[in-house]
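Every number for a ligand or one of its atoms is a count from 1 in the order of the listing.
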Amino acid sequence: MQYQWYPGHMTKAKRQMMEDLKLIDVVVELVDARIPYSSKNPDIGAMANGKSRVLLLNKADLSDREKTAAWKTYYEMEGYIVVTVDSRGGSGIKEVGTAVAEACREKTERDRRRGIQNRPVRAMVAGIPNVGKSTFINAFAKRAVTKTGNKPGVTKGKQWIRLNKDVELLDTPGILWPKFEDRAVGLRIALIGSINDEILVGTELGFELCNFLTGNYPGALALKYGIEECSDGNEMLLRIARARAWLKKGGELDVEKAAGFLLDDFRNGKIGCFTLEMP
Ligand code: G4P
(Lines give C-alpha, C1' and ligand atoms only; values in the text may rest on other atoms or scores of the structure.)
Protein backbone atom coordinates (compact mmCIF):
# COMPACT_ATOMS: atom_id res chain seq x y z
CA MET A 1 0.00 0.00 0.00
CA GLN A 2 2.99 2.28 -0.11
CA TYR A 3 3.00 5.00 -2.71
CA GLN A 4 6.16 6.98 -3.05
CA TRP A 5 5.89 9.50 -5.81
CA TYR A 6 9.15 10.42 -7.45
CA PRO A 7 9.35 13.02 -10.21
CA GLY A 8 9.76 10.20 -12.75
CA HIS A 9 6.59 8.44 -11.55
CA MET A 10 4.67 11.66 -11.72
CA THR A 11 5.81 12.46 -15.24
CA LYS A 12 4.81 8.96 -16.34
CA ALA A 13 1.41 9.11 -14.63
CA LYS A 14 0.78 12.53 -16.10
CA ARG A 15 1.76 11.43 -19.61
CA GLN A 16 -0.54 8.41 -19.38
CA MET A 17 -3.37 10.57 -18.12
CA MET A 18 -2.92 13.08 -20.96
CA GLU A 19 -2.98 10.21 -23.49
CA ASP A 20 -6.17 8.76 -22.04
CA LEU A 21 -7.80 12.17 -21.85
CA LYS A 22 -7.63 12.36 -25.65
CA LEU A 23 -10.02 9.41 -25.86
CA ILE A 24 -12.67 10.57 -23.49
CA ASP A 25 -15.42 13.13 -22.99
CA VAL A 26 -15.79 13.09 -19.24
CA VAL A 27 -13.54 12.50 -16.23
CA VAL A 28 -15.07 10.68 -13.30
CA GLU A 29 -12.89 11.84 -10.44
CA LEU A 30 -12.95 9.86 -7.19
CA VAL A 31 -12.14 11.28 -3.79
CA ASP A 32 -12.46 9.75 -0.34
CA ALA A 33 -15.58 11.19 1.31
CA ARG A 34 -13.75 11.32 4.67
CA ILE A 35 -11.17 13.73 3.20
CA PRO A 36 -12.71 15.29 0.08
CA TYR A 37 -10.07 18.03 -0.06
CA SER A 38 -6.94 16.13 0.93
CA SER A 39 -7.62 13.17 -1.38
CA LYS A 40 -8.16 15.41 -4.41
CA ASN A 41 -5.39 15.72 -6.97
CA PRO A 42 -4.28 19.33 -7.31
CA ASP A 43 -3.52 19.28 -11.04
CA ILE A 44 -6.49 17.54 -12.58
CA GLY A 45 -8.32 20.81 -13.20
CA ALA A 46 -5.59 22.01 -15.53
CA MET A 47 -5.08 18.60 -17.16
CA ALA A 48 -8.75 17.95 -17.85
CA ASN A 49 -9.42 21.49 -18.95
CA GLY A 50 -12.44 21.50 -21.23
CA LYS A 51 -13.64 18.00 -20.28
CA SER A 52 -16.87 17.45 -18.43
CA ARG A 53 -16.27 16.53 -14.83
CA VAL A 54 -18.14 14.26 -12.46
CA LEU A 55 -16.93 13.96 -8.87
CA LEU A 56 -17.62 10.90 -6.75
CA LEU A 57 -17.49 11.18 -2.97
CA ASN A 58 -16.59 7.52 -2.50
CA LYS A 59 -16.50 5.48 0.73
CA ALA A 60 -19.48 7.51 1.89
CA ASP A 61 -20.41 4.54 4.08
CA LEU A 62 -17.46 5.58 6.29
CA SER A 63 -18.00 9.34 6.28
CA ASP A 64 -20.15 11.71 8.32
CA ARG A 65 -23.41 11.96 6.39
CA GLU A 66 -24.09 15.63 7.17
CA LYS A 67 -20.57 16.71 6.30
CA THR A 68 -20.69 14.68 3.10
CA ALA A 69 -23.83 16.59 2.13
CA ALA A 70 -21.99 19.87 2.81
CA TRP A 71 -19.09 18.75 0.60
CA LYS A 72 -21.50 17.74 -2.13
CA THR A 73 -22.99 21.24 -2.15
CA TYR A 74 -19.54 22.77 -2.06
CA TYR A 75 -18.27 20.89 -5.10
CA GLU A 76 -21.54 21.44 -6.96
CA MET A 77 -21.00 25.15 -6.48
CA GLU A 78 -17.56 24.64 -8.02
CA GLY A 79 -19.29 23.31 -11.14
CA TYR A 80 -19.07 19.53 -10.65
CA ILE A 81 -21.84 17.03 -10.94
CA VAL A 82 -21.39 15.21 -7.64
CA VAL A 83 -22.53 11.72 -6.64
CA THR A 84 -22.16 10.21 -3.17
CA VAL A 85 -21.07 6.60 -3.56
CA ASP A 86 -20.29 3.47 -1.57
CA SER A 87 -18.50 1.38 -4.18
CA ARG A 88 -18.07 -1.56 -1.84
CA GLY A 89 -21.73 -1.72 -0.82
CA GLY A 90 -23.04 -0.56 -4.18
CA SER A 91 -25.10 2.45 -3.23
CA GLY A 92 -24.92 5.40 -5.60
CA ILE A 93 -23.41 3.36 -8.44
CA LYS A 94 -26.57 3.54 -10.52
CA GLU A 95 -26.65 7.33 -10.30
CA VAL A 96 -23.18 7.60 -11.79
CA GLY A 97 -24.36 6.52 -15.26
CA THR A 98 -27.01 9.20 -15.18
CA ALA A 99 -24.51 11.79 -13.93
CA VAL A 100 -22.08 10.97 -16.75
CA ALA A 101 -24.82 11.28 -19.37
CA GLU A 102 -25.94 14.53 -17.75
CA ALA A 103 -22.39 15.92 -17.75
CA CYS A 104 -22.19 15.34 -21.49
CA ARG A 105 -25.66 16.39 -22.46
CA GLU A 106 -24.48 19.46 -24.35
CA LYS A 107 -22.00 17.45 -26.35
CA THR A 108 -24.54 14.75 -27.12
CA GLU A 109 -26.98 17.36 -28.35
CA ARG A 110 -24.33 19.00 -30.50
CA ASP A 111 -23.52 15.59 -32.02
CA ARG A 112 -27.18 15.02 -32.73
CA ARG A 113 -27.54 18.36 -34.48
CA ARG A 114 -24.58 17.44 -36.66
CA GLY A 115 -26.23 14.16 -37.53
CA ILE A 116 -23.86 12.04 -35.40
CA GLN A 117 -26.04 9.51 -33.67
CA ASN A 118 -25.49 6.66 -31.24
CA ARG A 119 -22.00 7.75 -30.37
CA PRO A 120 -21.73 6.85 -26.70
CA VAL A 121 -20.19 9.23 -24.24
CA ARG A 122 -16.76 8.02 -23.10
CA ALA A 123 -15.61 8.35 -19.55
CA MET A 124 -12.56 7.51 -17.48
CA VAL A 125 -12.04 7.16 -13.76
CA ALA A 126 -9.19 9.01 -12.05
CA GLY A 127 -7.96 9.61 -8.54
CA ILE A 128 -5.10 9.24 -6.11
CA PRO A 129 -4.21 5.71 -4.90
CA ASN A 130 -6.63 3.90 -2.62
CA VAL A 131 -9.70 6.10 -3.10
CA GLY A 132 -11.52 3.06 -4.54
CA LYS A 133 -11.06 3.41 -8.30
CA SER A 134 -10.83 -0.34 -9.03
CA THR A 135 -13.65 -1.16 -6.64
CA PHE A 136 -15.82 1.43 -8.34
CA ILE A 137 -14.99 0.20 -11.86
CA ASN A 138 -15.85 -3.38 -10.82
CA ALA A 139 -19.13 -2.31 -9.27
CA PHE A 140 -19.94 -0.22 -12.31
CA ALA A 141 -19.01 -3.05 -14.69
CA LYS A 142 -21.41 -5.42 -12.92
CA ARG A 143 -24.22 -3.17 -14.05
CA ALA A 144 -22.86 -3.00 -17.55
CA VAL A 145 -24.74 -4.42 -20.50
CA THR A 146 -21.62 -5.62 -22.30
CA LYS A 147 -17.92 -5.31 -22.00
CA THR A 148 -16.62 -4.23 -25.34
CA GLY A 149 -13.33 -5.68 -26.42
CA ASN A 150 -10.44 -3.94 -28.06
CA LYS A 151 -11.40 -1.71 -30.89
CA PRO A 152 -8.36 -1.98 -33.11
CA GLY A 153 -7.34 1.14 -34.90
CA VAL A 154 -9.53 3.33 -32.79
CA THR A 155 -8.35 2.76 -29.26
CA LYS A 156 -5.61 0.18 -29.45
CA GLY A 157 -5.27 -1.93 -26.35
CA LYS A 158 -8.05 -0.18 -24.49
CA GLN A 159 -11.03 -1.94 -23.02
CA TRP A 160 -14.31 -0.17 -22.61
CA ILE A 161 -17.11 -1.11 -20.31
CA ARG A 162 -20.40 -0.28 -21.94
CA LEU A 163 -22.99 0.66 -19.34
CA ASN A 164 -25.85 1.38 -21.73
CA LYS A 165 -26.27 2.80 -25.21
CA ASP A 166 -25.13 6.20 -23.98
CA VAL A 167 -22.11 5.58 -21.75
CA GLU A 168 -18.79 3.74 -22.04
CA LEU A 169 -16.13 3.66 -19.35
CA LEU A 170 -12.40 3.04 -19.85
CA ASP A 171 -11.59 -0.03 -17.77
CA THR A 172 -8.25 1.24 -16.45
CA PRO A 173 -8.25 4.20 -14.09
CA GLY A 174 -5.93 7.17 -14.20
CA ILE A 175 -3.65 7.12 -11.16
CA LEU A 176 -2.98 10.58 -9.82
CA TRP A 177 -0.72 11.99 -7.13
CA PRO A 178 -1.84 13.70 -3.94
CA LYS A 179 -1.01 17.19 -2.79
CA PHE A 180 2.56 16.98 -1.51
CA GLU A 181 3.18 20.35 0.05
CA ASP A 182 0.79 20.41 2.95
CA ARG A 183 1.63 18.47 6.15
CA ALA A 184 -2.02 18.45 7.29
CA VAL A 185 -2.99 16.78 4.01
CA GLY A 186 -0.31 14.11 4.46
CA LEU A 187 -1.52 13.46 7.99
CA ARG A 188 -5.14 12.98 6.92
CA ILE A 189 -4.17 10.66 4.08
CA ALA A 190 -2.15 8.65 6.60
CA LEU A 191 -5.04 8.59 9.08
CA ILE A 192 -7.39 6.94 6.59
CA GLY A 193 -4.62 4.43 5.82
CA SER A 194 -3.74 5.44 2.29
CA ILE A 195 -0.03 5.94 2.81
CA ASN A 196 2.25 3.56 4.56
CA ASP A 197 2.17 3.96 8.31
CA GLU A 198 5.92 3.54 8.48
CA ILE A 199 6.26 7.08 7.24
CA LEU A 200 4.44 8.32 10.29
CA VAL A 201 4.77 6.50 13.60
CA GLY A 202 1.58 4.72 14.67
CA THR A 203 1.51 6.36 18.08
CA GLU A 204 1.82 9.76 16.44
CA LEU A 205 -1.17 9.01 14.22
CA GLY A 206 -3.08 7.60 17.19
CA PHE A 207 -2.33 10.74 19.16
CA GLU A 208 -3.58 12.97 16.32
CA LEU A 209 -6.67 10.83 15.86
CA CYS A 210 -7.56 10.98 19.56
CA ASN A 211 -7.21 14.74 19.53
CA PHE A 212 -9.34 15.05 16.41
CA LEU A 213 -12.10 12.76 17.65
CA THR A 214 -12.36 14.15 21.17
CA GLY A 215 -12.44 17.67 19.70
CA ASN A 216 -14.87 17.04 16.84
CA TYR A 217 -16.85 13.98 17.81
CA PRO A 218 -16.94 14.08 21.60
CA GLY A 219 -18.19 10.87 23.16
CA ALA A 220 -17.25 8.58 20.24
CA LEU A 221 -14.10 7.18 21.89
CA ALA A 222 -15.77 7.02 25.31
CA LEU A 223 -18.52 4.89 23.83
CA LYS A 224 -16.25 2.60 21.86
CA TYR A 225 -13.63 1.92 24.54
CA GLY A 226 -15.56 2.58 27.74
CA ILE A 227 -13.20 5.32 28.88
CA GLU A 228 -13.52 8.86 30.07
CA GLU A 229 -12.40 11.42 27.50
CA CYS A 230 -9.83 14.17 27.92
CA SER A 231 -8.19 16.58 25.52
CA ASP A 232 -4.71 15.03 25.73
CA GLY A 233 -4.18 12.48 22.94
CA ASN A 234 -1.34 10.71 24.75
CA GLU A 235 -3.42 10.28 27.87
CA MET A 236 -6.28 8.94 25.70
CA LEU A 237 -4.01 6.26 24.24
CA LEU A 238 -2.97 5.30 27.78
CA ARG A 239 -6.63 5.09 28.81
CA ILE A 240 -7.48 2.85 25.85
CA ALA A 241 -4.54 0.56 26.71
CA ARG A 242 -5.62 0.47 30.36
CA ALA A 243 -9.25 -0.25 29.51
CA ARG A 244 -8.20 -3.19 27.32
CA ALA A 245 -5.47 -4.29 29.76
CA TRP A 246 -2.84 -4.09 27.02
CA LEU A 247 0.47 -4.28 28.81
CA LYS A 248 4.03 -4.65 27.61
CA LYS A 249 6.38 -7.26 29.08
CA GLY A 250 7.51 -5.06 31.96
CA GLY A 251 3.89 -4.25 32.87
CA GLU A 252 3.94 -0.85 31.22
CA LEU A 253 0.79 0.17 29.27
CA ASP A 254 1.15 -0.73 25.60
CA VAL A 255 0.31 2.52 23.81
CA GLU A 256 1.65 1.23 20.46
CA LYS A 257 -0.91 -1.56 20.56
CA ALA A 258 -3.65 0.87 21.59
CA ALA A 259 -2.75 3.18 18.70
CA GLY A 260 -2.71 0.26 16.24
CA PHE A 261 -6.15 -0.98 17.25
CA LEU A 262 -7.54 2.54 17.39
CA LEU A 263 -6.40 3.24 13.82
CA ASP A 264 -7.78 -0.07 12.55
CA ASP A 265 -11.12 0.53 14.25
CA PHE A 266 -11.27 4.02 12.84
CA ARG A 267 -10.39 2.97 9.28
CA ASN A 268 -12.92 0.17 9.30
CA GLY A 269 -15.72 2.42 10.53
CA LYS A 270 -15.97 0.57 13.85
CA ILE A 271 -15.92 3.75 15.94
CA GLY A 272 -18.40 5.54 13.73
CA CYS A 273 -18.65 7.53 10.51
CA PHE A 274 -16.37 10.55 10.47
CA THR A 275 -15.21 13.27 8.11
CA LEU A 276 -11.81 14.77 8.86
CA GLU A 277 -12.15 18.12 7.12
CA MET A 278 -14.77 20.68 6.14
CA PRO A 279 -14.99 22.86 3.02
P1 G4P B 1 -7.71 2.27 -5.91
O2 G4P B 1 -8.03 1.44 -7.13
O3 G4P B 1 -8.20 3.67 -6.01
O4 G4P B 1 -6.28 2.23 -5.50
O5 G4P B 1 -8.54 1.66 -4.67
P6 G4P B 1 -9.19 0.19 -4.48
O7 G4P B 1 -10.37 0.04 -5.38
O8 G4P B 1 -8.11 -0.81 -4.56
O9 G4P B 1 -9.75 0.32 -3.01
C10 G4P B 1 -8.90 0.52 -1.88
C11 G4P B 1 -9.57 -0.03 -0.65
O12 G4P B 1 -10.76 0.71 -0.38
C13 G4P B 1 -10.04 -1.48 -0.77
O14 G4P B 1 -9.96 -2.05 0.53
C15 G4P B 1 -11.50 -1.35 -1.14
O16 G4P B 1 -12.28 -2.47 -0.80
C17 G4P B 1 -11.88 -0.16 -0.29
N18 G4P B 1 -13.06 0.54 -0.83
C19 G4P B 1 -13.25 1.01 -2.08
N20 G4P B 1 -14.42 1.65 -2.18
C21 G4P B 1 -15.00 1.60 -0.94
C22 G4P B 1 -16.22 2.12 -0.40
O23 G4P B 1 -17.02 2.78 -1.06
N24 G4P B 1 -16.44 1.87 0.93
C25 G4P B 1 -15.54 1.18 1.70
N26 G4P B 1 -15.86 0.98 2.98
N27 G4P B 1 -14.39 0.69 1.21
C28 G4P B 1 -14.11 0.90 -0.09
P29 G4P B 1 -8.78 -3.02 0.96
O30 G4P B 1 -8.92 -3.19 2.41
O31 G4P B 1 -7.50 -2.51 0.42
O32 G4P B 1 -9.09 -4.32 0.19
P33 G4P B 1 -10.27 -5.38 0.48
O34 G4P B 1 -10.28 -5.59 1.95
O35 G4P B 1 -11.57 -4.77 0.00
O36 G4P B 1 -9.86 -6.54 -0.32
- Numbered atoms and elements of ligand 1 in range of Asp86, under 4.0 angstrom, heavy atoms: 22 (C), 23 (O), 24 (N)

- Task: Measure across Lys224 and Lys270 and return the closest heavy-atom pair with its distance rounded to 0.1 Å.
- Result: CD-O, 3.6 Å

- Message: I need the minimum non-hydrogen distance between Ser38 and Arg188, along with the two atoms involved.
- Response: OG-NH1, 3.5 Å

- Query: Relative to the heavy atoms of Ser134, which atoms of ligand 1 are at a distance of less than 4.0 Å?
  - Reply: 2 (O), 7 (O)

- Query: With the threshold set at 4.0 Å, does a side-chain nitrogen-carboxylate oxygen contact exist between Arg239 and Glu235?
  - Reply: yes

- Message: Polar contacts were defined as any N/O atom of the residue lying under 3.5 Å from an N/O atom of the ligand; does this apply to Leu62 and ligand 1?
- Response: no

- Enumerated ligand 1 atoms positioned under 4.0 Å from heavy atoms of Ser87: 20 (N), 22 (C), 23 (O)

- Item | Expected output: side-chain Glu208 to main-chain Leu187 donor-acceptor under 3.5 Å | no

- Message: Regarding atom 19 (C) of ligand 1: of the candidates Asn268, Leu30, Thr135, Leu56, which has the closest heavy atom?
- Response: Thr135

- Query: Are any of the N/O atoms in Val85 less than 3.5 Å from those in ligand 1?
  - Reply: no

- What atoms of ligand 1 come within less than 4.0 Å of a heavy atom belonging to Val131? 3 (O)

- Message: If the cut-off is 4.0 Å to any non-hydrogen atom of Asn58, which atoms of ligand 1 fall inside it?
- Response: 20 (N), 21 (C), 23 (O)

- Item | Straight-line distance of Asp254 CG to Lys249 NZ, nearest 0.5 Å | 11.5 Å

- For Asp86, the side-chain contact (heavy atoms from CB on, under 4.5 Å) test, sequence neighbours excluded, returns Asp61, Arg88, Ser91

- Message: Just to verify, what does Glu95 make a salt bridge (Lys or Arg N to Asp or Glu O under 4.0 Å) with, not counting sequence neighbours?
- Response: none

- Specify side chain, backbone, both or neither for Asn130, according to which of its non-hydrogen atoms lie closer than 4.0 Å to ligand 1. both

